[in-house]
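Below, each value reflects all heavy atoms present in this structure, side chains not excepted, and no hydrogens, waters or symmetry copies. Quantities reported herein were computed from a predicted structural model and do not represent experimental measurements.
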Amino acid sequence: MHNMDKHMHSKHEHGSEKQSHTHANHHEHMLEDFKQRFIVSLAVTVPVLLLSPLIQTFLGLEISFAGDIYLLWILSSFIFIYGGKPFFTGFFNEFQKREPGMMTLIALAISVAYIYSSAVVFGLAGKFFFWELVTLVDIMLIGHYIEMKSVLRASKALEKLAELLPDNAHLIIDGKITDVNVSKLKKDDLILIKAGEKVPADAIIAKGEIYIDESVITGESKPVLKREGDNVIGGSLNGDSVFEAKVLNLGDDSYLNKVISLVSNAQSSKSKTQRLADVAAKWLTFIAIIAGLSTFSYWFVYGPDTAFAIERMVTVMVITCPHALGLAIPLVSAVSTSISAKNGLLIRNRTAFENARKITTVVFDKTGTLTEGRFGVNSVNIFDESFDEKKIIEIAANLEKNSEHPVARAIINKGKEMGASDFEITDFKVIKGEGIEGVLNGDLIKLVSHKYVVNNDIDIKDVKTDESGTLVYVIINNKAVALINLADKIRTDSFDAITKLKNAGIKCWMITGDNEKIAKDVSDKLGLDGFFAEVLPHEKMEYIKEFQEQGEFVAMTGDGINDAPALAQADIGIAIGSGTDIAAETADIILVDSNPKNVVSLITFGKATYSKMLQNLFWATGYNVFAIPLAAGVLIGYGILVSPALGAFLMSISTIIVAFNASLLKNKKV
């Protein structure tokens with residue numbers, strides 16, 4: 001079972017049609033098969049136990065009739081063949097791949113026990129141990145069932161992602177609304193999303209302003225404000241407004257399917273830690289076989305009889321099964337990858353994810369990472385006390401309402417936030433390269449640059465200007481009444497992210513193509529360790545190299561497009577600000593919702609995942625240090641002897657502990 005297929009191909013054909021034969025279906029079939037074999041074998045185990053002399057003595061019973069030993073053999077043979085079939089199938093698979101492992105050990109152990117006991121039934125001097133054999137098979141079956149259920153639960157997260165898309169959509173054709181199956185949608189179709197409905201496909205908002213709940217996709221708990229021109233992800237939940245959107249991506253190109261593909265690939269890829277566990281599992285198999293044969297040889301010479309020697313050998317081989325070891329890392333990988341995806345962390349490189357614990361320096365791109373990547377009103381300086389901030393923004397927003405310039409959009413958005421009223425502007429004109437003007441209630445209003453003010457001798461001698469932003473002067477009848485400072489605003493989350501990283505002893509640097517003054521302003525406000533300004537995209541990689549040459553383990557955080565060379569050079573490349581474009585090929589990890597706090601989450605969760613892997617490796621191998629000698633009979637002089645069934649129970653317990661420990665990752669806050 002530890003050689004499990006992890007490639008899930010759950011897929012939406014054009015948004016809704018799912019593949020019928022996924023890996024999860026295969027897993028469910030196997031799960032049901034193990035459950036059925038366990039129930040049937042357990043039922044047949046009851047008469048086997050009642051017919052076994054040792055159990056009868058223990059229970060104070062005496063059940064004896066002609067041919068009872070042959071009935072015991074027939075019932076045990078049934079459990080050996082029916083209950084043991086999955087292990088024999090696994091043994092042949094391992095034999096063909098020349099990768100002896102847990103199935104090989106179980107098949108050898110139950111075969112030796114069965115063949116020897118059968119020989120005793122038909123005349124060989126010795127004692128049989130059918131009850132040990134059947135209980136061993138029972139415990140192995142239930143152990144595998146519990147293990148597969150854990151693995152399936154982790155894999156199911158992918159299917160849950162696929163189920164986020166609704167089945168139907170409201171298609172708008174010539175102003176009329178028609179309900180269609182999502183599979184009928186095409187790129188650039190116009191659709192209507194009503195209040196409380198899920199978005200049926202990746203789309204761009206064409207009309208409306210809404211709050212969208214992306215928590216199931218990005219992990220962002222608060223609804224996100226979206227306006228015209230913003231992207232919405234298929235599967236996210238609309239709030240209490242109605243909006244129209246133009247379809248962007250469908251089917252395999254949709255965000256959800258890309259996530260499913262990424263998660264599936266990450267779950268099936270092996271990190272260095274997992275490859276180490278695979279090597280350890282193989283060596284543990286060899287150790288089990290050698291230890292089993294050595295134990296048999298010793299007790300065959302010095303033990304009471306052959307049956308005792310075989311019993312010791314079987315117990316050693318069973319208890320040493322690398323079952324838990326084979327599951328230790330894959331299960332943690334499956335759980336952590338699924339949880340990460342649901343919280344907006346998409347892992348493309350598992351080794352990089354586990355190495356997050358080594359990060360000593362994080363280098364951030366500025367625009368769109370530490371900042372919002374779009375203009376916002378930073379401050380409003382008022383020179384004429386007959387105006388307040390709302391009145392100034394109201395005037396500016398009305399004058400700018402016909403412009404598509406980023407500065408205009410920033411002022412208009414600020415106006416909407418403040419509840420600005422609509423005014424009638426007449427005689428609107430563009431002052432080429434320097435601003436705009438218009439008439440409001442007979443007054444000539446101008447929004448102009450610093451250059452215009454200087455060139456036209458407008459009095460601003462007492463005004464202190466902040467050159468780290470874009471300056472827009474509000475001029476009424478040739479008198480400067482206010483100064484609006486606009487900037488690419490620092491994300492509020494950036495402050496918390498930098499504080500937490502620095503508290504963890506991680507250095508934080510910024511790299512940007514912006515000018516020195518703007519870069520210094522952002523760096524000072526965030527309390528960064530330093531910055532590099534006016535850097536071209538291809539030059540960013542050189543700065544990453546410099547840090548690495550100084551012995552730093554560097555994570556580069558950028559937008560995944562302009563920063564591609566730097567992301568590739570960094571020890572860990574983190575693409576942020578990619579939104580629905582998650583094909584950032586050079587990144588190891590993709591942060592969906594562009595929140596720098598997720599860099600902190602990544603490091604924290606990466607550490608937790610690695611810690612769980614180490615804990616599981618300890619549980620999976622550590623118990624053998626005590627269990628193997630006990631199984632071999634080193635403490636027999638003290639009356640301590642482990643039976644094959646108890647050995648199987650201990651092995652199963654270690655597997656269950658490993659599975660349970662991996663599931664505890666769900667309680668970690670990402």
Item to check | CA sep, side-chain torsions, deciding dist, call: D571, N355, side-chain contact (heavy atoms from CB on, under 4.5 Å) | outcome: CA-CA 9 Å; D571 296 291; N355 283 341; over 6 Å; no

Item to check | From CA spacing to verdict: side-chain contact (heavy atoms from CB on, under 4.5 Å), W299, I636 | outcome: CA-CA 12 Å; W299 289 114; I636 193 170; 3.9 Å; yes

Checklist entry - Can you list the steps and then say if F80 with F88 is a side-chain contact (heavy atoms from CB on, under 4.5 Å)? => result CA-CA 10 Å; F80 172 70; F88 297 126; 3.4 Å; yes

Checklist entry - Would L72 and V121 satisfy side-chain contact (heavy atoms from CB on, under 4.5 Å), going step by step from the backbone distance to the final call? => result CA-CA 9 Å; L72 178 61; V121 169; over 6 Å; no

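Distance check: K612 NZ to F605 CZ gives 10.0 Å after rounding to the nearest 0.5 Å. Put simply, CD1 on I590 and CG on L602 are 12.0 Å apart, with the number rounded to the nearest 0.5 Å. One distance of note links CD1 of I310 with CZ of F296; it measures 5.5 Å at 0.5 Å rounding. Rounding to the nearest 0.5 angstrom, the gap separating the OG atom in S117 from the CD1 atom in I69 is 10.0 Å. Taking CD from Q550 and CD from Q548, the interatomic distance works out to 10.5 Å, rounded to the nearest 0.5 Å.
Contact detail for A570 and A555: the closest heavy-atom pair is CB-C, 4.5 Å. The two atoms that bring A352 and I589 nearest to each other are C-CD1, 4.4 Å, heavy atoms only. Contact between A632 and T295 at its shortest, heavy atoms only, is CB-OG1, 3.7 Å.
Applying the side-chain hydrogen bond (donor to acceptor under 3.5 Å, both in side chains) rule to S611 yields the partners Q615; only residues at least two apart in sequence or on another chain are considered. Applying the ring-ring contact (aromatic ring centres under 6.0 Å, His included) criterion to F618, with sequence neighbours excluded, gives no partner residue. By the side chain to side chain contact (heavy atoms under 4.5 Å, CB included) test, L293 pairs with I289, M313, sequence neighbours left out. For T361, the side-chain hydrogen bond (donor to acceptor under 3.5 Å, both in side chains) test picks out E552, with sequence neighbours left out. For F95, there are no ring-ring contact (aromatic ring centres under 6.0 Å, His included) partners at least two apart in sequence or on another chain. Checked against ring-ring contact (aromatic ring centres under 6.0 Å, His included), F92 has no partners two or more places apart in sequence or in another chain. In this structure, K607 has no salt bridge (charged side-chain N to carboxylate O under 4.0 Å, His left out) partners at least two apart in sequence or on a different chain. Remark: Y302 engages Y298 in a ring-ring contact (aromatic ring centres under 6.0 Å, His included) (not counting sequence neighbours). With sequence neighbours excluded, the residues that form a side chain to side chain contact (heavy atoms under 4.5 Å, CB included) with K500 are D496, V600. With sequence neighbours excluded, the residues satisfying side chain to side chain contact (heavy atoms under 4.5 Å, CB included) with V634 are P629.
Remark: side-chain polar atoms of W73 are not paired, donor with acceptor, to backbone N or O of F130 under 3.5 angstrom. Looking only at distances, no side-chain donor or acceptor of Q569 sits under 3.5 Å from a matching main-chain atom of M556. Judged by distance alone, the side chain of R312 and the main-chain N or O of A631 form a donor-acceptor pair under 3.5 Å.
Looking at heavy atoms from C-beta onward, F308 lies in side-chain contact with L641 at the 4.5 angstrom threshold. Counting heavy atoms from C-beta outward, I574 and V362 have side chains that stay 4.5 Å or more apart. Residues L49 and T135 meet the side-chain proximity criterion, which asks for heavy atoms closer than 4.5 Å. Contact of the F353 side chain with the D588 side chain is not registered, since no non-hydrogen atoms from C-beta on lie closer than 4.5 Å. Side chains of L501 and I359 form no contact here, defined as non-hydrogen atoms less than 4.5 Å apart.
Applying the salt bridge (Lys or Arg N to Asp or Glu O under 4.0 Å) test to residues at least two apart or on different chains, none of the pairs has a partner in residues 620-636.
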Tabulate below the donor-acceptor pairs under 3.5 Å that side-chain atoms of residues 36-46 make, not counting sequence neighbours, or state none.
| unit_1 | atom_1 | unit_2 | atom_2 | d |
| --- | --- | --- | --- | --- |
| R37 | NE | D33 | OD1 | 3.3 |
| R37 | NE | D33 | OD2 | 2.9 |
| R37 | NH1 | Y82 | O | 2.6 |
| S41 | OG | R37 | O | 2.7 |
| T45 | OG1 | S41 | O | 2.6 |
| T45 | OG1 | D138 | OD2 | 2.6 |

